[in-house]
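Written below as structure tokens is the structure these notes are about.
Values in this document were obtained by computation on a predicted structure and should not be read as measured data.
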Amino acid sequence: MKKTALVLTAGALLATVAAGCGDKKENTAASPAPAASAGAAATTAPAAGKQANIGVAIYKFDDTFMTGVRNAISDAAKDKAKVDIVDSQNSQPTQNDKVDLFITKKYSSMIINPVDRSAAGVIIGKAKTANIPVVFLNREPQPDDMKKWDKVYYVGAKAEESGTISGQLLVDHWKANPAMDKNKDGVLQYVMLKGEPGHQDAELRTKFSVKAVEDAGIKVEKLAEDTAMWDRVKGQEKMAAFLAAKGDKIEAVLANNDDMALGAIEALKAAGYFKDGKNMPVVGVDATAPALKALEDGTMLGTVLNDAKSQGQATFALANVLGQGQTPSKENVGFDITDNQYVWIKYKKITKENMAEAK
């Protein structure tokens with residue numbers, strides 16, 4: 001009995017060793033290739049059939065335009081991926097903490113609407129170390145930062161295009177309404193409400209809106225300019241100050257976004273405009289729902305469609321494809337990709353006549 005038991009025990013041990021060697025060989029063959037760069041983490045792409053987990057950090061939730069974008073991201077993600085959308089509260093340190101949390105949770109990819117575009121380089125460094133692809137949205141990182149990794153993408157619209165269209169709206173009105181030149185001096189006297197100082201959209205919209213008017217052969221004079229930080233209440237406050245200082249000399253209002261334009265309209269209403277034939281051409285950017293209502297009411301001259309829905313859809317599509325470990329292309333994203341990293345969404349001129357297109 002003892003001899004038989006010893007033989008059986010030895011056989012079992014040999015079988016166990018053989019099985020262990022076989023497992024080791026199979027695991028070695030199935031192991032993923034080492035990362036190309038030293039220190040890179042293993043890929044976080046989900047297994048086949050599983051949904052990607054995508055972390056989304058918006059610069060602040062109470063921005064009207066970005067609310068439209070994040071709603072579009074949520075809608076696009078339904079039944080396709082899991083998205084964790086967080087509010088950075090207009091604080092770059094807060095956003096950095098959100099990014100760190102996404103990395104700790106080993107999300108498949110990240111979508112970042114940066115508070116400060118100059119912080120993108122640090123975020124890219126963290127994403128690259130963790131091997132988590134990142135898609136920036138609406139606030140374009142510096143070109144040098146975009147070159148730091150081939151898994152970095154940007155979705156947005158070219159701000160100079162929106163500026164040009166803003167100026168063209170005033171040109172059209174000036175040519176069709178000679179009464180716009182109140183003092184009959186042949187010069188368009190305007191005030192400008194700017195967005196965040198240093199923000200590329202604010203700087204380029206300001207520059208190219210005025211340039212479009214000048215390129216049409218119209219002389220311009222800037223009566224006042226101030227930042228209202230994309231905010232409706234601040235826009236109202238700044239416009240009230242402009243009216244107190246310049247009064248009826250003002251012939252037009254240019255605003256870098258609709259919220260500031262709507263604030264200006266409130267200040268103008270308080271000063272007696274938009275009744276008894278006293279009007280003021282006000283131009284915004286974004287074509288938000290409140291702006292379209294102002295177009296319908298006749299208090300806003302025009303706006304520029306900044307396509308929140310398409311920006312949200314393109315951003316999600318990129319992040320989802322990247323989160324699945326695939327290389328984005330027109331075929332799997334549905335949008336043209338320029339220079340292997342950029343998706344540009346076109347702007348469109350919106351007036352009361354074609355506002356249904358923006359709706």
Side-chain angles (χ1 to χ4, degrees), residues 53-78 81-105 107 109-120 122-123 127 134-141 154-157 159 193-202 227-237 255-263 266 284-293 303 305-320 345 358:
N53 284 308
I54 303 170
V56 184
I58 302 299
Y59 95 98
K60 68 172 183 175
F61 273 10
D62 60 356
D63 180 291
T64 305
F65 175 73
M66 288 311 304
T67 296
V69 175
R70 62 186 169 93
N71 288 342
I73 291 171
S74 295
D75 290 344
K78 285 178 182 175
K82 297 174 183 177
V83 291
D84 179 9
I85 305 179
V86 299
D87 185 0
S88 301
Q89 301 173 352
N90 205 21
S91 164
Q92 191 58 55
T94 298
Q95 186 168 78
N96 292 343
D97 290 342
K98 303 294 186 185
V99 170
D100 290 342
L101 186 60
F102 293 160
I103 291 171
T104 299
K105 290 182 176 180
Y107 281 165
S109 60
M110 294 187 289
I111 293 171
I112 308 297
N113 167 221
V115 176
D116 179 357
R117 66 187 297 227
S118 66
V122 173
I123 294 172
V134 59
V135 181
F136 287 96
L137 167 66
N138 190 247
R139 296 185 175 193
E140 184 185 351
Y154 175 72
V155 176
L193 288 167
K194 290 186 66 174
E196 181 183 347
H199 190 296
Q200 75 270 28
D201 282 5
T227 177
M229 296 297 291
W230 311 114
D231 186 80
R232 183 168 181 165
V233 173
K234 287 185 175 64
Q236 183 173 350
E237 292 170 352
N256 288 168
N257 80 337
D258 284 343
D259 275 0
M260 294 187 294
L262 291 165
E266 290 305 311
V285 177
D286 284 339
T288 61
L292 296 181
K293 181 66 169 60
T303 184
L305 175 61
N306 194 5
D307 191 345
K309 185 175 181 180
S310 292
Q311 286 196 33
Q313 289 173 338
T315 301
F316 168 73
L318 274 171
N320 193 38
I345 306 299

Val122 and Asn96: CA distance, side-chain angles, deciding distance, side chain to side chain contact (heavy atoms under 4.5 Å, CB included) verdict = CA-CA 9 Å; Val122 173; Asn96 292 343; 5.6 Å; no
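- Shown here for Leu137 and Asn113, the closest heavy-atom pair between the two residues is O-ND2, 3.0 Å.
- Side chain of Asp201 to backbone of Ala159: no donor-acceptor contact under 3.5 angstrom is found.
- Of all non-hydrogen atoms in Tyr154 and Pro141, the two that sit nearest each other are CD1-CD, 3.7 Å.
- Shortest non-hydrogen contact noted between Ala228 and Leu193 is CB-CD2, 4.3 Å.
- Minimum interatomic distance between Asn256 and Lys194 (heavy atoms only, all atoms of both residues): OD1-CA, 3.1 Å.
- In this structure, the separation between OG1 on Thr303 and CG on Leu292 is 7.5 Å, given to the nearest 0.5 Å.
- In this view, Asp63 and Tyr59, Lys60, Phe65, Met66 satisfy the side-chain contact (heavy atoms from CB on, under 4.5 Å) rule, not counting sequence neighbours.
- In this structure, Asp97 CG and Thr104 OG1 are separated by 10.5 Å, a value rounded to the nearest 0.5 Å.
- In terms of modelled atom types and a separation under 3.5 Å, the side chain of Thr67 and the main chain of Phe61 share a donor-acceptor contact.
- Within the 4.5 Å cutoff, the side chain of Asp286 has no heavy atoms near those of the Thr64 side chain.
- Ser88 contributes a side-chain N or O that, together with a main-chain N or O of Ile58, makes up a donor-acceptor pair within less than 3.5 Å.
- Between the CD1 atom in Ile345 and the CG atom in Leu305 there is a gap of 10.5 Å [rounded to 0.5 Å].
- Going from atom CG of Asp100 over to atom CD1 of Ile123 covers 9.5 Å, rounded to the nearest 0.5 Å.
- Side chain of Gln92 to main chain of Asp116: a donor-acceptor pair is present (N/O by atom type, distance under 3.5 Å, no hydrogens or angles).
- Although no hydrogens or angles enter the test, the distance criterion places no donor-acceptor pair under 3.5 Å between the side chain of Arg117 and the main chain of Arg139.
- With contacts defined as side-chain heavy-atom distances shorter than 4.5 Å, the pair Ile54/Ile73 does not qualify.
- Remark: Lys98 NZ to Ile85 CD1 distance equals 13.0 Å, nearest 0.5 Å.
- Ring geometry for His199 against Trp230 counts as perpendicular: the plane angle is over 60°, on a 0 to 90° scale with 30° as the lower cut.
- With hydrogens and angles disregarded, a donor-acceptor distance shorter than 3.5 Å links the side chain of Gln95 to the backbone of Val115.
- Side chain of Asp258 to main chain of Ala287: a donor-acceptor pair is present (N/O by atom type, distance under 3.5 Å, no hydrogens or angles).
- The minimum heavy-atom distance between Ala77 and Val83, with the atom names listed, is CB-CG1, 3.8 Å.
- Side-chain contact of Asp307 with Gln311: a donor-acceptor pair under 3.5 Å is absent, judged by distance alone.
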request  = Any chance you could lay out the side chain to side chain contact (heavy atoms under 4.5 Å, CB included) test for Val99 and Met110, step after step, and finish with the verdict?
outcome  = CA-CA 8 Å; Val99 170; Met110 294 187 289; 4.0 Å; yes
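- Closest approach of Gly195 to Thr227, counting heavy atoms only: O-OG1, 2.8 Å.
- Atom NZ of residue Lys293 and atom OG1 of residue Thr288 lie 12.5 Å apart, to the nearest 0.5 angstrom.
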